[in-house]
Asker: 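Below you'll find the structure I mean.
Values reported hereafter were calculated over all heavy atoms of this structure, with side chains retained and with hydrogens, waters and symmetry mates removed.
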Amino acid sequence: LGILTQRFYFDNQLNTGYTIILLLLIIFVILSYQNKIHPIKAQNLGMICGFLLFFATGLQITYLNNHQLSREHYTHFPETDSFIAELNHTFSETSKTYKTTARVTAVRSGSVWQQADGKIILYFLKDSLKPTPLAGTEVLILGKPDSIPPPLNPYSFDYQSYLKDQNIFGRALVASDAWAETGKTGFSMKLWAGKLRLKMLDILKNHGLDGDEYAVSAAILLGFDDDLDEETRAQFSGSGAMHILCVSGLHVGIIYLVSLWMLGFLKKLKAGRFVRPVILLCIIWAYALITGLSPSVMRASLMISFIIL
């Protein structure tokens with residue numbers, strides 16, 4: 001309740017959590033030194049204080065989760081003419097651009113570079129003469145991040161609020177001659193998983209799959225649906241099988257059941273009760289890696305891991 005109140009009523013602008021927590025501490029101190037309150041009234045008061053404590057905690061967590069409150073957030077540098085960003089997600093392809101999210105690490109105003117932070121959406125214009133940078137690469141971009149515009153029509157989808165919930169407050173359209181790699185590369189498990197998925201996609205292409213066959217296979221096996229056209233999506237949606245194209249718990253469950261059946265012979269071995277769970281965990285999380293560690297697969301893999309253990 002505190003999270004929803006801070007998000008929709010205060011809009012992450014009012015830091016009320018500390019105030020309520022301080023008041024609760026004062027109430028508890030008073031109660032600890034005064035025993036004149038009736039036990040039933042004291043119990044009810046304690047329940048109210050407990051509720052307010054959880055409420056205040058939700059307020060405070062939501063408030064502190066707003067990255068734009070940081071003094072180093074790139075939106076606080078209006079005179080920016082260039083910035084450095086680390087690409088922290090694999091690319092999704094459109095007809096004219098490659099889209100990805102990145103983390104701004106520095107901004108330049110005039111000739112002065114300043115440390116910065118914050119997530120941003122980047123759209124790289126396609127250019128056959130210049131390859132798109134890989135995820136994890138640090139790039140220097142000429143230009144200023146643009147703010148996300150609010151919806152133009154009432155009751156339409158609020159893309160600005162949707163991105164705000166993900167702590168994304170800006171975007172930039174990057175021309176092919178407006179960026180260059182700095183030579184630095186970062187590392188994270190999610191980025192490594194994304195690169196591994198790209199290698200698996202290359203394997204599908206090298207085995208003769210192309211067109212709709214490749215697009216459907218990539219979506220079903222690896223959760224990569226960027227190459228699906230609208231007609232194919234409409235066909236799966238009309239038949240009620242759209243969920244097959246989204247890698248989720250269904251796919252992880254099938255992998256688990258098939259692996260469990262194939263490893264059934266290990267139960268006859270003395271060390272099988274210890275070896276089989278380890279192999280099952282490796283298979284489940286290997287599949288999670290090659291699908292890019294998407295949230296749905298991560299949740300399913302975590303739940304099945306508890307079942308295995």
Side-chain angles (χ1 to χ4, degrees), residues 67-68 72-109 113 116-153 156-186 188 190-195 197-198 201-202 215 218-219 222-230 232-233 246 292-295:
H67 295 179
Q68 197 176 25
E72 295 183 348
H73 199 273
Y74 64 87
T75 56
H76 300 321
F77 301 94
E79 303 300 325
T80 299
D81 54 35
S82 303
F83 61 95
I84 295 176
E86 181 181 312
L87 310 182
N88 53 17
H89 200 274
T90 55
F91 286 86
S92 59
E93 184 177 1
T94 64
S95 59
K96 297 182 179 179
T97 63
Y98 291 103
K99 174 186 173 183
T100 187
T101 58
R103 183 177 67 87
V104 177
T105 58
V107 297
R108 186 182 69 178
S109 300
W113 282 97
D117 197 9
K119 294 169 65 177
I120 188 173
I121 291 182
L122 299 177
Y123 298 90
F124 288 86
L125 291 176
K126 290 184 176 180
D127 189 341
S128 59
L129 301 178
K130 190 172 186 179
T132 307
L134 297 175
T137 304
E138 188 181 76
V139 294
L140 168 65
I141 298 175
L142 302 179
K144 176 184 176 181
D146 299 321
S147 59
I148 309 295
L152 300 178
N153 300 316
S156 61
F157 177 67
D158 193 345
Y159 189 57
Q160 183 187 56
S161 296
Y162 170 75
L163 293 179
K164 184 178 180 181
D165 290 339
Q166 304 177 52
N167 274 308
I168 299 176
F169 297 92
R171 63 181 182 180
L173 182 64
V174 186
S176 58
D177 59 348
W179 68 270
E181 296 185 10
T182 63
K184 296 182 180 180
T185 56
S188 73
K190 191 173 181 63
L191 294 176
W192 186 77
K195 294 179 180 180
R197 184 170 70 166
L198 291 177
L201 292 172
D202 290 337
L222 302 173
F224 184 82
D225 58 358
D226 292 350
D227 292 330
L228 287 173
D229 55 33
E230 293 301 325
T232 304
R233 293 177 187 269
C246 303
L293 291 178
S294 63

Asker: Report the distance from atom OG1 of Thr100 to atom OH of Tyr123, rounding to the nearest 0.5 Å.
Answerer: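 One gets 10.5 Å once the value is rounded to the nearest 0.5 Å.
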
Asker: Could you check if a side-chain atom of Pro151 sits within less than 4.5 angstrom of a side-chain atom of Asp158, using non-hydrogen atoms only?
Answerer: yes

Asker: Would you give the length of the straight line joining atom CG of Leu87 to atom OH of Tyr98, rounded to the nearest 0.5 angstrom?
Answerer: 14.0 Å

Asker: When rounded to the nearest 0.5 angstrom, what is the spacing between CG in Asp117 and OG1 in Thr75?
Answerer: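 Spacing of CG (Asp117) from OG1 (Thr75) equals 10.5 Å.
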
Asker: Looking at every non-hydrogen atom in both residues, tell me the closest pair between Ile148 and Gln160 and how far apart they are.
Answerer: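 Reported closest heavy-atom pair: O-NE2, 2.7 Å.
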
Asker: For Thr105 and Glu86, what are the C-alpha separation, side-chain angles and deciding distance, and is it a side-chain hydrogen bond (donor to acceptor under 3.5 Å, both in side chains)?
Answerer: CA-CA 7 Å; Thr105 58; Glu86 181 181 312; over 6 Å; no

Asker: Which atom names give the shortest non-hydrogen contact between Gly170 and Tyr74, and what distance separates them?
Answerer: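 Residues Gly170 and Tyr74, closest heavy atoms: N-OH, 2.9 Å.
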
Asker: On a heavy-atom basis, which atom in Ser82 and which in Leu140 lie closest, and how many Å separate them?
Answerer: CB-CD1, 4.4 Å

Asker: Which heavy atom of Ala85 sits nearest a heavy atom of Leu122, and at what distance?
Answerer: CB-CD1, 4.5 Å

Asker: Under the 3.5 angstrom rule, does the side chain of Lys119 hit a backbone N or O of Gln166 as a donor-acceptor pair?
Answerer: yes

Asker: Could you pull out the closest heavy-atom pair between Thr80 and Lys144, with the gap in Å?
Answerer: O-CB, 3.4 Å

Asker: Could you pull out the closest heavy-atom pair between Phe83 and Val104, with the gap in Å?
Answerer: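 Between these two residues, the closest heavy atoms are CD1-CG2, 4.2 Å.
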
Asker: In the structure I gave you, are the side-chain heavy atoms of Leu173 and Asp146 within less than 4.5 Å of one another anywhere?
Answerer: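 A side-chain contact under 4.5 Å is absent here.
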
Asker: Verify the distance criterion only: is there a donor paired with an acceptor across the side chains of Glu138 and Thr182 at less than 3.5 Å?
Answerer: yes

Asker: Tell me, please, which residues at least two apart from Phe77 pass ring pair (Phe, Tyr, Trp, His ring centres under 6.0 Å).
Answerer: none

Asker: From Trp179 CH2 over to Leu142 CG, what is the distance, rounded to the nearest 0.5 angstrom?
Answerer: 12.0 Å

Asker: In terms of ring plane angle, is the pair Phe157 and Tyr159 parallel, tilted or perpendicular, where the classes change at 30° and 60°?
Answerer: tilted

Asker: Distance from Asn167 atom CG to Thr101 atom OG1, nearest 0.5 Å?
Answerer: 12.0 Å

